[in-house]
Amino acid sequence: MTKLAVFGVGAALLLAAAPASAVTTFADFSPATNAPNILYVGADDGSGTLSSIDQLVHFAFLNPDGSVSGTTFDAMMNLTATTGAATVVGGSLALLPITDGTLTFTSASPVTWGGHTGTNLLSVNFSGGFLSAILGGSTASYGTSTPPFTVSFTSDFLDFSTSTARDLALAIDAINPSVGFAFGGSRINLGTMSGNFGADATSGNPQGVVPEPASWALMFAGFGLAGSVLRSQRRRRTEVTFG
């Protein structure tokens with residue numbers, strides 16, 4: 001397991017619906033500083049964009065046990081993602097659907113890892129799932145997987161051509177202003193993002209990919225419980241943004 005031990009309820013709803021597969025976390029990233037590294041610009045209904053332009057992060061390839069496989073690389077992170085209109089569940093949980101997104105981690109100069117040399121540490125295309133946040137809070141989370149939605153990876157260091165199950169999980173902290181109802185006007189928010197990535201099969205990693213620890217079973221059990229609670233709530237649409 002990596003540093004993101006808990007995903008948001010939006011990710012829980014998604015992952016609880018996904019079939020079981022031997023997905024292993026193969027890489028993660030964390031901010032290089034405490035400064036915000038992500039920007040949200042949204043309309044009153046929550047639709048908008050998440051972006052991050054040339055933000056420095058620490059990126060690492062991981063062993064099956066979650067430890068760093070070799071060197072942690074300094075990388076420039078770039079993110080563009082589109083959110084749809086928000087739905088509020090139970091009066092306090094805001095869910096923003098992600099319609100599409102791209103996320104890249106690029107080293108400033110060629111680096112060598114696992115016998116490969118390049119600059120594209122990881123590039124991700126993704127869609128589906130929900131960015132989830134509690135109204136009045138300062139954190140949000142996002143998770144999605146293939147199947148049932150879309151996550152694709154390319155890298156100068158790993159080959160995903162035999163992979164059929166892939167996932168990602170992102171956590172946004174220190175959201176400012178805090179998540180809340182919108183009473184007119186567009187919203188702009190800053191936050192600090194970290195995350196991790198998983199796949200059921202890769203080649204190029206000297207350590208290989210094996211099933212994740214048994215703790216995943218406990219996590220999925222919790223996800224299923226959270227999903228059943230949320231499904232019992234009456235969903236309603238309202239004006240919600242991060243600002």
Side-chain angles (χ1 to χ4, degrees), residues 1-8 11 22-39 50-81 101-126 139-145 151-160 163 166-175 190-213 215-216 219:
M1 292 295 297
T2 60
K3 288 170 280 189
L4 296 181
V6 179
F7 303 119
V23 174
T24 295
T25 302
F26 66 83
D28 70 8
F29 73 95
S30 59
T33 70
N34 292 326
N37 65 3
I38 190 170
L39 172 70
L50 290 169
S51 62
S52 178
I53 307 300
D54 289 337
Q55 293 295 314
L56 182 65
V57 298
H58 298 313
F59 182 94
F61 294 109
L62 304 178
N63 292 316
D65 65 0
S67 60
V68 174
S69 177
T71 303
T72 296
F73 300 101
D74 287 338
M76 301 307 294
M77 177 180 73
N78 284 275
L79 166 70
T80 301
T102 60
L103 179 60
T104 62
F105 300 91
T106 307
S107 61
S109 59
V111 297
T112 299
W113 179 83
H116 303 275
T117 299
T119 58
N120 175 27
L121 298 170
L122 187 69
S123 295
V124 187
N125 290 302
F126 59 95
T139 63
S141 59
Y142 173 70
T144 192
S145 65
V151 179
S152 62
F153 299 130
T154 59
S155 172
D156 289 341
F157 305 90
L158 296 175
D159 178 7
F160 301 94
S163 173
R166 298 167 295 277
D167 65 33
L168 65 86
L170 305 175
I172 305 174
D173 299 315
I175 296 173
L190 298 174
T192 303
M193 188 173 75
S194 57
N196 60 43
F197 310 93
D200 63 337
T202 68
S203 60
N205 182 350
Q207 302 299 321
V209 171
V210 300
E212 290 220 353
S215 55
W216 270 105
M219 290 181 63

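Using a 4.5 Å cut-off on side-chain heavy atoms (C-beta onward), Leu56 and Thr33 make no contact. The closest side-chain heavy-atom distance from Leu168 to Leu103 is not below 4.5 Å. Inter-residue side-chain proximity for Leu39 and Leu190 is flagged as met; some heavy-atom pair is nearer than 4.5 Å. Counting only heavy atoms from C-beta outward, the side chains of Leu122 and Leu158 never approach each other to under 4.5 Å.
The side chain to side chain donor-acceptor pair (under 3.5 Å) search around Asn120 returns Ser123, not counting sequence neighbours. Partners of Asn37 according to the side-chain contact (heavy atoms from CB on, under 4.5 Å) rule, which considers only residues two or more places apart in sequence or in another chain, are Pro31, Gln55, Val57, Met77, Thr192, Met193. With sequence neighbours left out, the ring-ring contact (aromatic ring centres under 6.0 Å, His included) criterion links Phe126 to Tyr142.
Closest approach of Ala27 to Phe59, counting heavy atoms only: CB-CZ, 3.7 Å. Of all heavy-atom pairs spanning Phe160 and Ser155, the tightest one is CE1-CB, 4.2 Å. Summarising the geometry of Asp156 relative to Gly118, their closest heavy-atom pair is OD2-CA, 3.5 Å, with the distance given to 0.1 Å. Minimum interatomic distance between His58 and Thr72 (heavy atoms only, all atoms of both residues): CB-CG2, 3.7 Å. Residues Val23 and Gly198 come closest through the heavy atom pair CG1-C, 3.7 Å. The two residues Ala201 and Ser163 come nearest to each other via the heavy atoms O-CB, 3.3 Å.
The only member of Phe61, Phe73, Phe197 that meets ring-ring contact (aromatic ring centres under 6.0 Å, His included) when paired with Phe105 is Phe197.
With Asn78 contributing its side chain and Asp54 its backbone, the two residues share a donor-acceptor pair below 3.5 Å. Put simply, the side chain of Trp113 gets close to the backbone of Ser69: a donor and an acceptor are under 3.5 Å apart. No donor-acceptor distance shorter than 3.5 angstrom exists from the side chain of Thr139 to the backbone of Ile172, with no hydrogens or angles considered. Remark: side-chain polar atoms of Asp65 are paired, donor with acceptor, to backbone N or O of Ser67 under 3.5 angstrom.
Aromatic pair Phe153/Phe26: ring centres closer than 6.0 Å.
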- Task: Dump the intermediate steps for side chain to side chain donor-acceptor pair (under 3.5 Å) on Thr117 and Thr112, then the final yes or no.
- Result: CA-CA 4 Å; Thr117 299; Thr112 299; 2.8 Å; yes
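Distance check: Asn125 CG to Ser152 OG gives 4.0 Å after rounding to the nearest 0.5 Å. Once rounded to the nearest 0.5 Å, the distance linking CD1 of Ile38 with CG of Leu50 reads 4.5 Å.
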